[in-house]
Novice: 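The structure that follows is given in the form of structure tokens.
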Number of protein chains: 2
Amino acid sequence: MKTKSDQDKFVNLPSLCPAFNIRAASRIITQIFDDTLRPSGLQITQFAVLVGVHIMNTPSISTLAKGLVMDRTTLTRGLKPLENEGFIKIITGEDKRTRFVKLTVKGKSAIDKTLPYWEKAREIVAKEFGENNLGGLIKDLESVREIKN
Amino acid sequence: MKTKSDQDKFVNLPSLCPAFNIRAASRIITQIFDDTLRPSGLQITQFAVLVGVHIMNTPSISTLAKGLVMDRTTLTRGLKPLENEGFIKIITGEDKRTRFVKLTVKGKSAIDKTLPYWEKAREIVAKEFGENNLGGLIKDLESVREIKN
DNA sequence: TAATAATAGGTGCATATACACCTATTACAT
DNA sequence: ATGTAATAGGTGTATATGCACCTATTATTA
């Protein structure tokens, strides 16, 4: 019987690696969304942040970060371009430590303008992947989030 | 009957959004792997690149990028730290346009040293998520990759 | 063979990601 | 009241990501 080359020992590693697979899939889905949203001027991450701000109705930065399941410091920097574009305003509250993120009228317009592109992007993924499968995948991804808790 | 607030129209958007969900899950899994690999000195992305170089046996940059399902320019920059650490060498071939990525002995050592941490990280995810579920999720993520083709 | 196309790769730019570490403010315990 | 937590947030640094655009080299075609 043949001796396995050292490479062979690693050949299956990628298909066993959750990180490799989810990162690769994440890049592809992000590219589909960013590409489809392009005419709107928003990237999918920015759209998600604005929608989060809207849903959560002027949350603090930390609260928003929790809601978006992202690191606070990542969010802090991500807010900058949105603030520069005038889509959000940062407001200091009574507790001077806390900053609230408020959606501006312009920001709400950006959401509304982007929504159809988001729907189109979702349809592309749903069509390629299968609507039922997509529902299952998203359920799985939601339960991945629960690992954190 | 009550009028729906505008927020209500968006409340379900996150749980319907493939991009939001996969990006959030990707961040969490990446954090688990990076955290667990920390003692090795490699991040999961770097480990994946080195393993890819090993498996593909001195591929060109573009070939490696395809194998890793990542953008060529992202890979180019990701190779820098690995080259600086002496884990890989970049070699120009006959065709002077092409550059091959060669794993050094030091690079192979880094892989071997990191492997147990990778196994541990995978176990953490498998335990939290369920080994069977994880297999299914990875299958789904692999089929997401096929959207690109 | 000269012009053109195709291929391989790099760089500028903007955003994404998060750890380590820092300051400011508020709450709490003695 | 004061010293100490705890909380909220920002910054430095390093890597990740990919589009637009560029150069260099090789292949193809008129």
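The sequence lines fix the lettering, A, B, ..., with proteins before strands; numbering per chain opens at 1. The analysis underlying the following values was restricted to heavy atoms, covering all of them including side chains, and did not include hydrogens, waters or symmetry mates.
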Novice: CG of L79(B) versus P of dG18(D): gap in Å, rounded?
Specialist: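 Interatomic distance, CG of L79(B) to P of dG18(D): 14 Å.
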
Novice: More 5' along DNA chain D: D95(B) or T98(A), using each one's nearest nucleotide?
Specialist: T98(A)

Novice: In whole angstrom, give the distance that lies between atom CG of D35(B) and atom C1' of dT15(D).
Specialist: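 Going from D35(B) (CG) to dT15(D) (C1'), I get 17 Å.
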
Novice: Taking only N and O in the side chain of Q31(A), is any of them less than 4.0 Å away from OP1 or OP2 of dG18(D)?
Specialist: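 Yes, within the criterion.
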
Novice: Answer yes or no: is there a donor N or O on one side and an acceptor on the other, between the side chain of R122(A) and the main chain of L16(B), under 3.5 Å?
Specialist: yes

Novice: Could you state the atom-to-atom distance from NZ of K96(B) to C1' of dT23(D) in whole Å?
Specialist: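 In whole Å, dT23(D) C1' and K96(B) NZ are 15 Å from each other.
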
Novice: When the distance from CZ of F20(A) to P of dT17(D) is rounded to whole Å, what number comes out?
Specialist: 11 Å

Novice: For T73(B), report the nucleic acid contact type (base, sugar-phosphate, nothing); a contact means any heavy atom under 4.0 Å.
Specialist: base

Novice: Given dT17(D), dT11(C), dT15(C), identify the nucleotide with an atom nearest to the side chain of M70(B).
Specialist: dT17(D)

Novice: Between I90(B) and Q46(A), who's closer to the 5' end of DNA chain C by nearest nucleotide?
Specialist: I90(B)

Novice: Let me test you: for the helix from dT1(C)-dA30(D) to dT25(C)-dA6(D), what is the angle between the axes at its two ends (five pairs each), rounded to 10 degrees?
Specialist: 10°

Novice: Across the strands shown, which category fits R72(B) at heavy-atom distances under 4.0 angstrom: base, sugar-phosphate, nothing?
Specialist: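 Since a base atom lies under 4.0 Å of R72(B), the category is base.
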
Novice: Going by the glycosidic torsion and a 90 degree boundary from 0, is the base of dA5(D) oriented syn or anti?
Specialist: syn

Novice: How close do V53(A) and K102(A) get, counting heavy atoms only, and between which atoms?
Specialist: CG1-C, 4.1 Å

Novice: Less than 3.5 Å apart, any donor N or O on the side chain of S60(A) or R99(A) sitting next to an acceptor on the other?
Specialist: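 S60(A) vs R99(A): no donor-acceptor pair found between side chains.
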
Novice: What integer distance in Å separates L68(A):CG from dT17(C):P?
Specialist: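 Spelled out: CG on L68(A) to P on dT17(C) is 10 Å.
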
Novice: Round to a whole Å and report the spacing from CG of D71(B) to C1' of dA8(C).
Specialist: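 Distance, rounded to whole Å: 14 Å.
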
Novice: Checking all strands, does R77(A) fall into the base, sugar-phosphate, or nothing category for heavy-atom contacts under 4.0 angstrom?
Specialist: base

Novice: Where do V144(B) and A25(A) come nearest, in terms of heavy atoms and distance?
Specialist: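 Of all heavy-atom pairs spanning V144(B) and A25(A), the closest is CG1-CB, 3.7 Å.
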
Novice: Given dA18(C), is OP1 or OP2 found less than 4.0 Å from the side-chain N or O atoms of T74(A)?
Specialist: yes

Novice: Nearest 0.5 angstrom please: K120(A) NZ to D35(A) CG, how far?
Specialist: 9.5 Å

Novice: Can you say whether a donor on the side chain of R27(B) sits under 3.5 Å from an acceptor on the base of dT17(C), or the other way round?
Specialist: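 Checked by distance alone, the answer is no.
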
Novice: Would you check if the side chain of N21(B) reaches a backbone N or O of P14(B) as a donor-acceptor pair within less than 3.5 Å?
Specialist: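 Side chain of N21(B) to backbone of P14(B): a pair is present.
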
Novice: On a plain distance test, is the side chain of R38(A) in donor-acceptor contact with the base of dG18(D) below 3.5 Å?
Specialist: no

Novice: Mind checking S60(B) for me? I need base, sugar-phosphate or nothing, with any heavy atom below 4.0 Å counting as a touch.
Specialist: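 Result for S60(B) = sugar-phosphate.
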
Novice: Distance-only, no hydrogens or angles: does the T114(A) side chain make a donor-acceptor pair with backbone N or O of S40(A) under 3.5 Å?
Specialist: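 Not confirmed, T114(A) side chain does not pair with S40(A) backbone.
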
Novice: Across the strands shown, which category fits R23(A) at heavy-atom distances under 4.0 angstrom: base, sugar-phosphate, nothing?
Specialist: sugar-phosphate

Novice: If I take atom CG in residue L37(B) and atom P in nucleotide dA14(D), what distance separates them, rounded to the nearest angstrom?
Specialist: 20 Å

Novice: dG9(C), OP1 or OP2 - any side-chain N/O from S62(B) closer than 4.0 Å?
Specialist: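 True: S62(B) side-chain N/O within range (under 4.0 Å) of dG9(C) OP1/OP2.
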
Novice: For the side-chain contact (heavy atoms from CB on, under 4.5 Å) test, which of I88(B), I111(B), V49(B) pairs with H54(B)?
Specialist: I111(B)

Novice: Counting heavy atoms from C-beta on, name the nucleotide in dT25(C), dG10(D), dT17(C) closest to the side chain of I61(A).
Specialist: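 Between dT25(C), dG10(D), dT17(C), the one nearest the side chain of I61(A) would be dG10(D).
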
Novice: Nearest-Å distance, CG (L64(A)) to C1' (dA8(D))?
Specialist: 14 Å

